[in-house]
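For reference, the structure is listed below as structure tokens.
Proteins get letters first, then strands, A, B, ... in listed order; numbering begins at 1 in each.
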Protein chains: 2
Amino acid sequence: MARTTGSDGERTEAAIREAALKLIARHGYEAMSMRQLGEEVGVQAAALYRYFPNKEELLFTLLREHMEGLIASWDAARPAARDPFGSLSAFVRNHIGFHVARRHSTHVSNLELRSLSPANLTAILRMRNSYEKELRQILRDGAETGAFAIDDVGLTAMAIIQMITGVIVWFRPDERLSVEEVAETYHAMTMRLVGAAEISAGASPPARRATSEN
Amino acid sequence: MARTTGSDGERTEAAIREAALKLIARHGYEAMSMRQLGEEVGVQAAALYRYFPNKEELLFTLLREHMEGLIASWDAARPAARDPFGSLSAFVRNHIGFHVARRHSTHVSNLELRSLSPANLTAILRMRNSYEKELRQILRDGAETGAFAIDDVGLTAMAIIQMITGVIVWFRPDERLSVEEVAETYHAMTMRLVGAAEISAGASPPARRATSEN
DNA sequence: GAATTAAATGAACGGTCGTTTTATTCTCTG
DNA sequence: CAGAGAATAAAACGACCGTTCATTTAATTC
């Protein structure tokens with residue numbers, strides 16, 4: 001046999017990306033073989049090389065598109081006004097929403113950077129840094145205007161990123177909480193973490209469930 | 001040749017563990033070959049099988065000992081008094097100190113669980129859960145006594161764990177900040193995150209430092 | 001409907017993998 | 001100082017790896 005009936009390059013390429021994300025997220029990049037990937041797609045391993053020159057370039061494409069999507073998502077969600085509270089609020093919600101919606105590529109992005117060649121790694125880290133810079137700028141604005149009380153902008157940014165990215169480690173969409181509820185709780189935690197002034201216009205107040213005063 | 005002069009089983013076994021942690025942390029479990037590990041130790045690959053029955057059992061041993069060490073470390077650091085503030089404080093500092101001191105095994109523990117067989121994975125997750133349960137209990141105590149203001153104990157515990165474990169992703173001991181300074185800042189962030197009452201005995205105040213550059 | 005292009009096959013390549021087997025050398029015990 | 005057993009080397013095992021190649025078939029074009 002050779003070309004199969006109904007075969008379509010675009011559809012196959014999309015299927016390869018999706019299957020690769022799933023397999024790499026589950027078993028890891030090194031543990032996924034090209035034969036295994038081919039089987040998941042429903043194609044011989046050799047056919048994969050019509051779409052990607054080699055295995056690492058496939059990984060790089062997946063990582064690059066994840067980062068491009070993340071940056072584009074933030075560009076769309078970023079508020080027009082330069083308000084630290086509103087900006088941080090939007091950042092946290094967008095970050096959690098994006099990553100929960102793309103669990104597979106998020107896992108790959110978090111775990112498989114070490115499998116990239118130095119050149120490709122640099123390219124990804126550059127994108128990641130430009131994204132994280134957005135958060136640092138928000139925090140710096142908030143610290144300067146007095147909206148936030150922050151010890152160290154760099155450390156706080158890393159802490160927030162780790163915290164809100166960590167959602168995907170345990171979150172399952174079909175369980176106790178919806179994405180919105182989780183995002184809401186994480187939003188409240190973030191605001192307390194940065195020492196945000198309690199009352200701020202346009203932001204939903206943290207829903208205190210346990211005992212509290214203030 | 002065969003047995004080399006000065007060879008010693010115990011020393012070789014320790015060298016294998018250390019080398020394996022280093023190589024797995026850097027390249028990943030799947031990417032590390034037994035020949036590569038042997039070379040790092042200064043031994044033929046076949047000699048490794050005197051100490052570990054196979055590759056996965058080696059990984060499992062490393063993970064198990066990491067978790068045992070973490071739990072033992074917390075047992076030693078846990079305050080006698082049932083004080084939420086003091087307990088949380090000790091938990092954060094111990095967690096960061098332990099993980100920074102063992103970067104390699106921490107990386108392995110965070111990234112390589114997926115390479116374990118189901119039975120071994122269950123054993124590790126059981127240990128991890130019992131450790132995290134300690135934090136949840138502290139948070140629950142604090143919420144009940146009014147020391148903390150917490151929306152959701154489970155979510156807050158995960159957020160804190162992710163945040164303080166994330167230190168090892170970026171922390172380098174020879175740079176700007178010492179472990180103690182980092183732990184201090186993370187401690188302050190954690191306390192704000194859980195809505196700890198502002199004034200509490202025995203807690204050092206957060207050291208305000210100028211905001212860092214991008 | 002023939003020619004061309006796109007898509008995929010199946011076999012094969014040289015290597016490397018984890019692991020086993022066998023043989024040898026060294027250290028330790030009595 | 002002889003013997004036992006621990007520690008290692010060296011070679012080999014079959015399986016699988018990423019990748020290439022010539023070929024075949026399906027879809028498209030003229």
Side-chain angles (χ1 to χ4, degrees), chain A residues 1-24 26-63 108 112 114-117 119-120, chain B residues 1-24 26-63 108 112 114-117 119-120:
Chain A
M1 269 209 294
R3 178 165 189 176
T4 53
T5 60
S7 62
D8 177 333
E10 279 193 31
R11 238 186 305 136
T12 302
E13 180 165 350
I16 292 173
R17 287 167 202 256
E18 196 180 338
L21 283 175
K22 174 179 164 187
L23 291 177
I24 297 175
R26 181 172 306 167
H27 306 294
Y29 170 77
E30 300 278 354
M32 177 196 75
S33 75
M34 297 300 269
R35 286 171 178 81
Q36 189 184 357
L37 175 57
E39 193 175 11
E40 181 81 19
V41 176
V43 127
Q44 289 281 345
L48 304 172
Y49 289 83
R50 291 197 64 76
Y51 303 95
F52 299 94
N54 52 55
K55 195 184 177 187
E56 198 212 310
E57 207 62 32
L58 166 58
L59 174 64
F60 178 61
T61 299
L62 299 176
L63 292 171
V108 175
E112 306 298 347
R114 64 183 167 203
S115 297
L116 289 177
S117 69
N120 285 342
Chain B
M1 269 209 290
R3 180 166 188 177
T4 55
T5 60
S7 63
D8 178 333
E10 281 192 30
R11 240 187 304 136
T12 303
E13 181 166 349
I16 292 173
R17 287 168 204 255
E18 197 181 337
L21 282 176
K22 175 179 162 186
L23 290 178
I24 297 175
R26 182 172 307 167
H27 306 294
Y29 169 77
E30 299 279 354
M32 177 196 74
S33 75
M34 296 300 270
R35 287 169 179 82
Q36 189 184 358
L37 175 57
E39 193 176 9
E40 180 82 18
V41 177
V43 130
Q44 289 279 346
L48 304 172
Y49 288 84
R50 290 223 129 258
Y51 304 94
F52 300 94
N54 52 56
K55 194 184 178 187
E56 197 212 311
E57 206 62 32
L58 166 58
L59 174 64
F60 178 61
T61 299
L62 299 177
L63 292 171
V108 175
E112 305 297 347
R114 64 183 168 202
S115 297
L116 290 176
S117 67
N120 285 342

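- Every residue two or more places apart in sequence or in another chain that forms a side chain to side chain contact (heavy atoms under 4.5 Å, CB included) with B/V41 is listed here: B/A15, B/I16, B/A19, B/L37, B/V43.
- For the atom pair CD (A/Q44) and CE (A/M34), the distance works out to 13.0 Å, reported to the nearest 0.5 Å.
- Separation of atoms CE (B/M32) and NZ (B/K55) is listed at 5.0 Å; rounding is to 0.5 Å.
- Atom-to-atom distance recorded for B/R26:CZ and B/E40:CD is 7.5 Å, nearest 0.5 angstrom.
- One can place OH of B/Y49 at 15 Å from C1' of D/dA11, the figure rounded to the nearest angstrom.
- Considering only side-chain N and O atoms, A/T12 lies nowhere under 4.0 angstrom from the phosphate OP1 or OP2 of C/dA7.
- Across C/dG10, C/dA7, D/dT19, the shortest atom-to-atom separation from the side chain of A/Y51 is found for C/dA7.
- To the nearest angstrom, C1' of C/dA7 lies 11 Å from CD1 of A/I16.
- Atoms CG (A/N54) and P (D/dT20) sit 8 Å apart, rounded to a whole Å.
- The side chain of B/A46 approaches C/dT21 more closely than any other nucleotide in the set C/dT21, D/dT8, D/dG18.
- For the atom pair A/E13 CD and A/L58 CG, the distance stands at 9.5 Å (nearest 0.5 Å).
- Going from atom NZ of B/K55 over to atom P of C/dG18 covers 4 Å, rounded to whole Å.
- Rounded to whole Å, the distance from CD on A/Q44 to P on D/dT24 is 16 Å.
- A straight line from CZ of B/F52 to P of D/dA7 spans 13 Å, rounded to a whole angstrom.
- Legend: residues meeting side-chain hydrogen bond (donor to acceptor under 3.5 Å, both in side chains) with B/Q36, ordered by chain and number and at least two apart, are absent.
- Distance CD/B/E30 to CD1/B/I24: 10.0 Å, rounded to 0.5 Å.
- Summarising the geometry, the separation between CD1 on B/I24 and P on C/dG18 is reported as 11 Å, rounded to the nearest angstrom.
- Under the side chain to side chain contact (heavy atoms under 4.5 Å, CB included) criterion, A/E56 pairs with A/Y29, A/N54, A/L116, A/S117, A/N120, not counting sequence neighbours.
- Axis orientation changes by 10° from one end of the helix from C/dG1-D/dC30 to C/dG30-D/dC1 to the other, with each end axis drawn from 5 pairs and the value rounded to 10°.
- Listed nucleotides: D/dT19, C/dT20, C/dA8. Nearest to the side chain of A/R50: C/dA8.
- Evaluation of the side chain to side chain contact (heavy atoms under 4.5 Å, CB included) rule for B/E39 yields no partner, not counting sequence neighbours.
- Counting to the nearest Å, the P atom of D/dG18 and the CD atom of A/E57 are 16 Å from each other.
- For DNA chain C, the residues of residues 30-40 of chain A within the heavy-atom distance limit of 4.0 Å (strictly under) are A/R35, sorted by number.
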